[in-house]
S.K.: 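Take this structure first; my questions come after.
Just so it is clear: chains get the letters A, B, ... in the order the sequence lines come, proteins before strands, and each one is counted from 1. Source: prediction; values computed, not measured.
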Amino acid sequence: MLPAFLEQDAVEAAPQLLGWKLVSRTAAGITSGYIVEVEAYSMEDPASHSFRGLTPRTAPMFKRAGTIYVYFTYGMHYCMNIVTGPVGHGQALLIRALEPVDGIGLMQARRDLENVNQLTNGPGKLAQALGIDKALSGSHLTDGKLSLEPGFRPADITQTTRIGITKAIDQPWRFFVTGNQFVSRQAARG
DNA sequence: AGAGCGATGGCCT
DNA sequence: GGCCATCGCTCTA
């Protein structure tokens, strides 16, 4: 389904996305996990891919809320975002960590890793575990391959600065479920 | 046409 | 905590 709060600006929508279940449907099977860590990016944000304007790569960020934006980085990792806000605003939420729910065996096979704790505790890891790649960029949550379903309501949410960026490093636009063991890092930096 | 640069993860100490 | 593989995208010329 398409939660109404995705129409809001990224920073407002971000904490509301925590606890929702992200579901991936591929030929290999269904995999899913609760979203436990997200970061907000917007067009006015130097750390955002949309900051420099619309390019072929970043075009999905400027489409309607619920659009999927997948990018490839460091020559080996895919990261997935969900677009928020009005059309043309270039806002998105980077999904940084999931708590595995369905299809854990398939996720372990895709990751070539048994340890469930390390299956989806990072943006590149969860993309690999769910079988997400660039082909999904530009598709929409209502297209059926990647979708959202209600999950749980987080008891407490922690807000910190974002991870792995070199610009706008002081903006507290990272949100995670307090105490959840699948969050990539409890501390903001380091 | 080519250089520079990452919204990372895994391995090592 | 530190290092670095690896390649698509953007910018400059």
Side-chain angles (χ1 to χ4, degrees), chain A residues 6 9-15 17-18 22 31 33 35-63 65-85 89-100 107-139 146 158-177 180-190:
Chain A
L6 291 179
D9 286 343
V11 176
E12 281 94 62
L17 188 59
L18 295 175
L22 179 65
T31 47
I35 296 170
V36 296
E37 179 181 351
V38 301
E39 286 179 358
Y41 289 87
S42 67
M43 200 163 50
E44 299 76 26
D45 172 6
S48 173
H49 290 175
S50 59
F51 182 70
R52 293 176 180 277
L54 193 154
T55 67
R57 179 181 62 144
T58 63
M61 285 189 77
F62 295 87
K63 295 169 77 174
T67 299
I68 308 294
Y69 170 52
V70 180
Y71 65 88
F72 185 76
T73 191
Y74 288 99
M76 61 186 95
H77 303 295
Y78 291 103
C79 297
M80 79 149 286
N81 302 252
I82 295 176
V83 175
T84 72
H89 279 222
Q91 304 181 2
L93 302 177
L94 170 67
I95 312 300
R96 284 196 52 91
L98 301 177
E99 176 177 332
M107 291 194 240
Q108 288 169 321
R110 283 171 172 156
R111 295 268 297 122
D112 191 24
L113 184 74
E114 291 292 317
N115 189 342
V116 175
N117 290 306
Q118 296 174 26
L119 233 36
T120 55
N121 62 335
K125 296 178 186 181
L126 71 89
Q128 184 181 22
L130 266 55
I132 294 169
D133 65 19
K134 210 173 61 173
L136 286 169
S137 195
S139 68
L146 273 180
T158 301
Q159 179 172 6
T160 72
T161 53
R162 297 172 292 179
I163 307 283
I165 54 174
T166 57
K167 302 158 191 156
I169 59 173
D170 293 327
Q171 301 300 334
W173 292 339
R174 170 175 177 250
F175 302 81
F176 63 84
V177 177
N180 188 281
Q181 66 173 321
F182 298 95
V183 168
S184 65
R185 308 178 197 182
Q186 296 291 324
R189 301 190 188 102

S.K.: Which of these, A:Val11, A:Thr158, A:Val36, A:Ile35, sits in a side-chain contact (heavy atoms from CB on, under 4.5 Å) with A:Phe175?
M.R.: A:Val11

S.K.: Roughly how far apart are A:Gln91 CD and A:Tyr41 OH, rounded to 0.5 Å?
M.R.: 14.0 Å

S.K.: Can you confirm whether A:Leu93 sits close enough to A:Asn81 that some side-chain heavy atom of one is under 4.5 Å from a side-chain heavy atom of the other?
M.R.: no

S.K.: Measuring from atom NE2 of A:His89 to atom OG of A:Ser50, what distance do you get when rounded to the nearest 0.5 angstrom?
M.R.: 11.0 Å

S.K.: Quick one: does A:Phe176's side chain get under 4.5 Å of A:Arg96's, heavy atoms only?
M.R.: no

S.K.: At the 4.0 Å heavy-atom cut-off to chain A, mark where contacts on DNA chain B begin and end, going 5' to 3'.
M.R.: B:dG6 to B:dG10

S.K.: Mind running side-chain hydrogen bond (donor to acceptor under 3.5 Å, both in side chains) on A:Gln128 and A:Arg110 for me, showing each step along the way?
M.R.: CA-CA 7 Å; A:Gln128 184 181 22; A:Arg110 283 171 172 156; over 6 Å; no

S.K.: Could you check how far CE of A:Met76 sits from P of C:dC3, rounded to whole Å?
M.R.: 17 Å

S.K.: Just verifying a value: how many Å separate A:Arg162 CZ and A:Gln171 CD, rounded to the nearest 0.5 Å?
M.R.: 6.5 Å

S.K.: Got a minute to check which stems DNA chain C is part of, using Watson-Crick or G-U wobble pairs under 3.5 Å, three or more consecutive?
M.R.: B:1-6 with C:7-12, B:8-12 with C:1-5

S.K.: Please identify each residue that fulfils side chain to side chain contact (heavy atoms under 4.5 Å, CB included) with A:Asn117, with sequence neighbours left out.
M.R.: A:Asn115, A:Gln181, A:Phe182

S.K.: Counting any heavy atom closer than 4.0 Å, what does A:Leu94 reach on the DNA or RNA strands: base, sugar-phosphate only, or nothing?
M.R.: base

S.K.: Return the value, rounded to whole Å, for the distance between atom OH of A:Tyr71 and atom P of C:dT10.
M.R.: 14 Å

S.K.: Using a cut-off of strictly less than 4.0 Å, decide whether A:Lys134 has a side-chain nitrogen or oxygen near OP1 or OP2 of C:dC9.
M.R.: yes

S.K.: If you assign each of A:Gln128 and A:Met61 to its closest nucleotide in DNA chain B, which residue comes earlier from the 5' end?
M.R.: A:Met61

